[in-house]
Amino acid sequence: MDEEFTPLDCLLSPGSQKICLVILNQPLEERFFHVLWSKAVIRACADGGANHLYRLMDSQQERFLPDYISGDFDSITPDVKAFYSEKNCRLIETADQDLTDFTKCLDIMVEEIKKRQVQVDTIVILGGLAGRFDQIMATVETLFHAQKMTELPVVVIQGSSLALLLQEGRQHRLSVNTGLEGSWCGLVPVGGPCVTTTSGLKWNLDNTVLEFGKLVSTSNTYEDHGDEQERKPVTITTDRPLLWSMGIKKL
């Protein structure tokens, strides 16, 4: 991601990113759903994510069929499973209990991208940042797995939050000028100490060690800019994987 990347481009109807979409087992918000579904070249549900897709669509389920549903199927309800099976959606059972349904679904998505030879810029995950804290941490842990699976950025979106794990050893240049950005952002050293340098933030870091128990850059915000000026990109370099989080404006 040495080139500029726009985390919230996926939520813009005229956005340029080609995406794949994974729906997790958490409530879906109609606010984000339709634009992401319409832009996605491959769409999937992780186990109980199919329940939420089915409920959100109400009487229009046949218009919104995922390419596949994967998991150990302990969360998807029998009626929802039967419906998608009848509509010839692929049901892929993944019984490995050492990995979460999200991790396994993402692994299948990466293989699908390769098999279909489709151009994809970003994999977008709907859900995973709300509810039980242990499951939120499992979402973050899957982002570490993702870096071993693919070079593509994997963006997690739920509510007013976005999370993206930045790869080590690169200068990341994030465009934050879509108009959808909320006021806050943060850098969290989830996997261990990170030596970090930034620009474009109100409180920048200069070869600073971020580490739990020492310093974590939460509740940061963007560099001030005039009303007539575009916000400058945020640049981040880190020697270890580093979690970028940012707010999404409520429209």
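Quick caveat: nothing in here was measured; it's all calculated off a predicted structure.
Under the 4.0 Å criterion applied to side-chain N and carboxylate O atoms, Lys202 and Glu223 are not assigned as salt-bridge partners. The existence of a salt bridge linking Glu151 and Lys114 is excluded, since no basic side-chain nitrogen approaches an acidic carboxylate oxygen closer than 4.0 Å. Ion pairing between Arg173 and Glu4 holds under the 4.0 Å rule for side-chain N and carboxylate O.
Counting only N and O atoms by type, the side chains of Ser70 and Thr94 include no donor and acceptor under 3.5 Å apart.
Contact check for Lys232 versus Tyr222: no side-chain heavy atoms found under the 4.5 Å cut-off. Counting heavy atoms from C-beta outward, Tyr68 and Cys45 have side chains that stay 4.5 Å or more apart. Residues Glu112 and Ile108 have side chains in contact (heavy-atom distance under 4.5 Å, counting atoms from C-beta outward). You'll find the side chain of Asp101 reaches within 4.5 Å of the side chain of Asp72, heavy atoms only.
Sorted by first and then second residue, the pairs that involve residues 181-196 and meet side chain to side chain donor-acceptor pair (under 3.5 Å), not counting sequence neighbours, are Thr178-Glu181. Sequence neighbours left out, the pairs with a member in residues 128-140 that pass salt bridge (charged side-chain N to carboxylate O under 4.0 Å, His left out) are Arg132-Asp134. Judged as a ring-ring contact (aromatic ring centres under 6.0 Å, His included), not a single pair has a partner in residues 116-160 (not counting sequence neighbours). Note on residues 38-50: no pairs pass side chain to side chain donor-acceptor pair (under 3.5 Å), not counting sequence neighbours.
Legend: residues meeting salt bridge (charged side-chain N to carboxylate O under 4.0 Å, His left out) with Lys250, ordered by chain and number and at least two apart, are absent. Qualifying side chain to side chain contact (heavy atoms under 4.5 Å, CB included) partners for Val195, counting only residues two or more places apart in sequence or in other chains: Asn207, Val209, Asp239. Residues forming a ring pair (Phe, Tyr, Trp, His ring centres under 6.0 Å) with Trp244 (at least two apart in sequence, or on another chain): none. With sequence neighbours left out, Lys214 forms a side chain to side chain contact (heavy atoms under 4.5 Å, CB included) with Glu211. Applying the ring pair (Phe, Tyr, Trp, His ring centres under 6.0 Å) criterion to Phe83, with sequence neighbours excluded, gives Tyr54. Among residues two or more places apart in sequence or in another chain, the side chain to side chain contact (heavy atoms under 4.5 Å, CB included) test is passed with Asp107 by Met149. The side chain to side chain contact (heavy atoms under 4.5 Å, CB included) test applied to Ala130 returns Gln26, Gln158, not counting sequence neighbours.
Around atom CD of Gln60, more than 12 heavy atoms belonging to other residues, nucleotides or ligands sit under 6.0 Å away.
Judged purely by atom type and a 3.5 angstrom limit, Asn177 uses its side chain to pair as donor or acceptor with the backbone of Arg231.
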Enumerate donor-acceptor pairs with a distance under 3.5 Å from any side-chain N or O in residues 5-15 to protein atoms, sequence neighbours excluded.
residue	atom	partner	partner atom	Å
Asp9	OD1	Ser16	N	3.1
Asp9	OD1	Gln17	N	2.9
Asp9	OD2	Ser16	N	3.2

